[in-house]
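These notes concern the structure reproduced below.
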Amino acid sequence: MASLIPKTSFRRHTVDGVLVIGGGLAGISAALAAAPTRVLLISPTHLGDGASSAWAQGGVAVAKGPDDSPDRHAEDTVKVGAGLCDLDRVALLAREGPQALQRLVDLGVPFDRGPDGAFVQGLEAAHSRARVARVKGDQAGRAIMAAAISALRAASHVTIWEGARLRRLVQTQHGRVCGAVIDRGHGPVVVLASAVVLATGGIGGLFACTTTPAEVRGEGLGMAALAGAQIRDPEFVQFHPTAMAFGRDPAPLASEALRGEGARLVDASGVPLFADGDLHPRDVVARRLHRLMQSGQRAFLDARTAIGADFPTQFPTVFAACMAEGLDPRISLIPVAPAVHYHMGGVETDAQGATTRPGLYAAGECAAVGVHGANRLASNSLLEAAVFGHRAGLAASRDTHPIGFGDIATETLAPFPDLPDQDLQKLRNTMSREVGVQRDAAGLERALVVISELEELHGQGPILAAARLIVAAALARTESRGAHFRRDHPQPHAQARSTRMTLPTRTAAFAPMEA
Ligand code: SIN
């Protein structure tokens, strides 16, 4: 039997309510929805820094126009999801979109409006209608996060710990998630809570080339899996076709909204890459660009005519990123290349955000609630974070479950090993090379060998667990579907099936902590 951990070994903190892990839009939506239940929200960085939500350029897809409806929005979402969306969840997402948008308006988000006061609605790839609510062209993520953070800071039921990193989910001897080990820079603290909402973002930083903050590297996903939660569809990683190819890590994004406004994808001689328009689903465009680049050519976005002189006001973020590289997009082509942008897979949840582990909820990019399937529709991610973050916060606030420190299983307090920077970089390069836009069995097996070697060296931790789940699922899916393309299996199977995986746990052998 494992030795008992004396009660003096860790500093302790009890939340009489919900622990929310993550300070992006999903985490903040959950925290606000939980009121008046008390919430402790932890963020590894100063709020707003290091959250993918703040980097979102597109906006929030919501059916509001006179020629639009939630049903149409749901249809577009399901079509892009390539057979793996849960229809009822997608219907929920589309139906609750207008309320979620109104909550953001109520927080003070200054969405772009026309002279009649109606939302300006942008068009993005694979939407049959223009339905993306934006802020100053490409500033939606930043503006939404600014308003959400102000509301969070003003909420009397919320305590915020910034610079606090999740080190491990804590469980009872029966496997219920009852808190977390948190590192605030001066030793671990065991935080106990009635329920935990995981809103840790995606997996971009597991790859060398990403449009997301590099610190977001699947740790939440890995922690949940190591706690025994079921993971769904981890092989589905979205590659955004138009990351700007300036050699930066992370790569700045050239929003799809540029193409919605008429910018064209061209080769080095200015010849359009798509004769039939540039707003195909992201996976289709990313593969076209990837193949072009594999043949030694380069791809560019030509916004000179479509945006031209309006660039600084219409797309200030993209404009600033180009100018910082000495490239004026009003007169020059923007070099672009596919980069990891979003994870459709994640910790499986129900419509209330509950995972398969009692006490553990998940929302936002780390979760798989079933709305994105094999490929996410543009600007559905902020929407999903707002709708299902809210739902998860409500459900977690009602999941009252008093837990004492004596209930904790000691094994769940042991910190996971860190992955040294050099080996993290090795992993990122391997993932980009072998688990990218196009995959095959040989490359995926090579990636698994690297992951096993790193596990051998450093032990199993959440980053390697997340990488393993993605690669193992990609290897097992011997078909091409949505964002997952197998060179050696280029066709889809007749029947679409979701992947569901769990990692082995030793919950039954957990030893109690000395009370
Ligand atoms: C974009 O602006 O192209 C990205 C929006 C999204 O990922 O939904």
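Worth knowing before you read on, the calculation uses all heavy atoms, side chains too, and leaves out hydrogens, waters and symmetry mates. The shown structure was predicted, so the numbers you read here are calculated from the model rather than taken from an experiment. Order of listing sets the numbers, starting from 1, for every ligand and every atom in it.
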May I have every N or O pair linking ligand 1 to the protein at under 3.5 Å, one per line with atom names and distance?
{"from": "ligand 1", "atom 1": "2 (O)", "to": "G58", "atom 2": "N", "distance (Å)": "3.1"}
{"from": "ligand 1", "atom 1": "2 (O)", "to": "S255", "atom 2": "OG", "distance (Å)": "2.7"}
{"from": "ligand 1", "atom 1": "3 (O)", "to": "H240", "atom 2": "NE2", "distance (Å)": "2.8"}
{"from": "ligand 1", "atom 1": "3 (O)", "to": "E256", "atom 2": "N", "distance (Å)": "2.7"}
{"from": "ligand 1", "atom 1": "7 (O)", "to": "R282", "atom 2": "NH1", "distance (Å)": "3.0"}
{"from": "ligand 1", "atom 1": "7 (O)", "to": "R282", "atom 2": "NH2", "distance (Å)": "3.3"}
{"from": "ligand 1", "atom 1": "7 (O)", "to": "H341", "atom 2": "NE2", "distance (Å)": "2.6"}
{"from": "ligand 1", "atom 1": "7 (O)", "to": "R376", "atom 2": "NH2", "distance (Å)": "2.8"}
{"from": "ligand 1", "atom 1": "8 (O)", "to": "R282", "atom 2": "NH2", "distance (Å)": "3.4"}
{"from": "ligand 1", "atom 1": "8 (O)", "to": "R376", "atom 2": "NH1", "distance (Å)": "2.8"}
{"from": "ligand 1", "atom 1": "8 (O)", "to": "S379", "atom 2": "N", "distance (Å)": "2.6"}

One pair to check against salt bridge (Lys or Arg N to Asp or Glu O under 4.0 Å): D68 and R131. What are the steps and the verdict?
CA-CA 8 Å; D68 203 359; R131 61 165 73 97; 2.8 Å; yes
I would like to know whether D421 and Q425 meet side-chain hydrogen bond (donor to acceptor under 3.5 Å, both in side chains); could you show each step before the answer?
CA-CA 6 Å; D421 281 353; Q425 206 47 47; over 6 Å; no
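The two atoms that bring A363 and G389 nearest to each other are CB-CA, 3.8 Å, heavy atoms only.
Under the 3.5 Å distance criterion, with hydrogens and angles disregarded, no donor-acceptor pair is assigned to the side chains of Q238 and D283. Side-chain polar atoms of T317 and Q57 form no donor-acceptor pair below 3.5 angstrom. Of the N and O atoms on the side chains of T499 and E235, at least one donor lies less than 3.5 Å from an acceptor on the other residue.
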